[in-house]
Amino acid sequence: LINLLIKLRGPGHLATERPLKLMNKYLLKKFPKKRPPLPQKLKKIFNKFYLKNRQSFLSQLSEKWLHLSIKERNLKKKTLELGAGTLNHLKYENLNKVYDIIEPKKFLYKYSNNKKYINNKFSNLNKTKNLYYDRIISCAVLEHHTNLPEFLYISSLKIKKTGYHSHSIPCEGHPVWNFTWYLMSGIMFKIKYGYSFKYIMKHEHINNFEEIIELIKFFYKKVKIKYSYPLFIKYLSFYANVEFSKPNNSNIKKYLKLKN
């Protein structure tokens, strides 16, 4: 089935195979990653804190750009949202379309009024249809993914031949982002819980910006990046939106060979 789907993508599967670059091989070998454990006190309050943080006015205001930068929000295209969380992205979409979500943490959307707009809810990408979606989207999700290469591979089988991805991510690891989360969350968290917010960040954000982009460019041929405020360049932006399409079937085969 996998070989058939790759062939349906077009002549890309005939490309001459080249050895994996050392950097790509090293990066791929880092996955799947394991989350660093939380201190017991933080583990007890994590779900409650996480939900409250996602619903806070400050979080929604600061992350508005993440939602607005998602491509073709108003068009009637079959959509799959990865890590839909509290369903807070739906208000930015025209919902007169097939809109599926993947969200394993059901407590995040359990009481959301937006559930009625969801076509199908999945806990796993493998359970979705192949060659079905026009677009796969997410807001601040890829930095959390413990097996990002596997997601990029499997999702290449889920989009139509003309389909694409549009994912908004923080510029994790770069100066403006690092400084901003410390000011916005780090100080108050330390005062309230007596622990550094770094425990939460390291537990949740396990992929940095450069790792995410490097992997996307390995699995997909067409990649476009745009940066957010304050200065709209990589090192001086809070966020970025990454749009990508055209799976690189030659590299996917290399990944599968390395994986096995």
Sorted by chain and residue number, the side-chain hydrogen bond (donor to acceptor under 3.5 Å, both in side chains) partners of Lys121 (sequence neighbours excluded) come out as none
By side-chain hydrogen bond (donor to acceptor under 3.5 Å, both in side chains), Asn113 pairs with (sequence neighbours left out) none
Do we see a donor-acceptor contact under 3.5 Å between the side chains of [X] and [Y]?
X	Y	result
Asn147	Lys33	no
Asn124	Asn126	yes
Tyr92	Ser69	no
Asp100	Asn119	yes

When you check the gap from the basic side-chain N to the acidic O, do [X] and [Y] get nearer than 4.0 Å?
X	Y	value
Glu211	Lys30	yes
Glu150	Lys259	yes
Lys25	Glu214	no

* Is Lys71 atom NZ crowded by more than 12 heavy atoms from other residues, nucleotides or ligands, each under 6.0 Å away? -> yes
* Output field: ring centroids Tyr153/Phe219 closer than 6.0 Å -> no
Which pair of non-hydrogen atoms, one from [X] and one from [Y], has the smallest distance, and what is that distance?
X	Y	result
Ser196	Lys190	N-CD, 4.1 Å
Tyr220	Leu152	OH-O, 3.1 Å
Cys171	Tyr227	SG-CD2, 4.2 Å

**Prompt:** Checking Tyr239 side chain against Ala140 main chain: does a donor-acceptor pair fall under 3.5 Å?
**Reply:** no
Angle between ring planes, His165 versus Phe244, binned at 30° and 60°: parallel, tilted or perpendicular? parallel
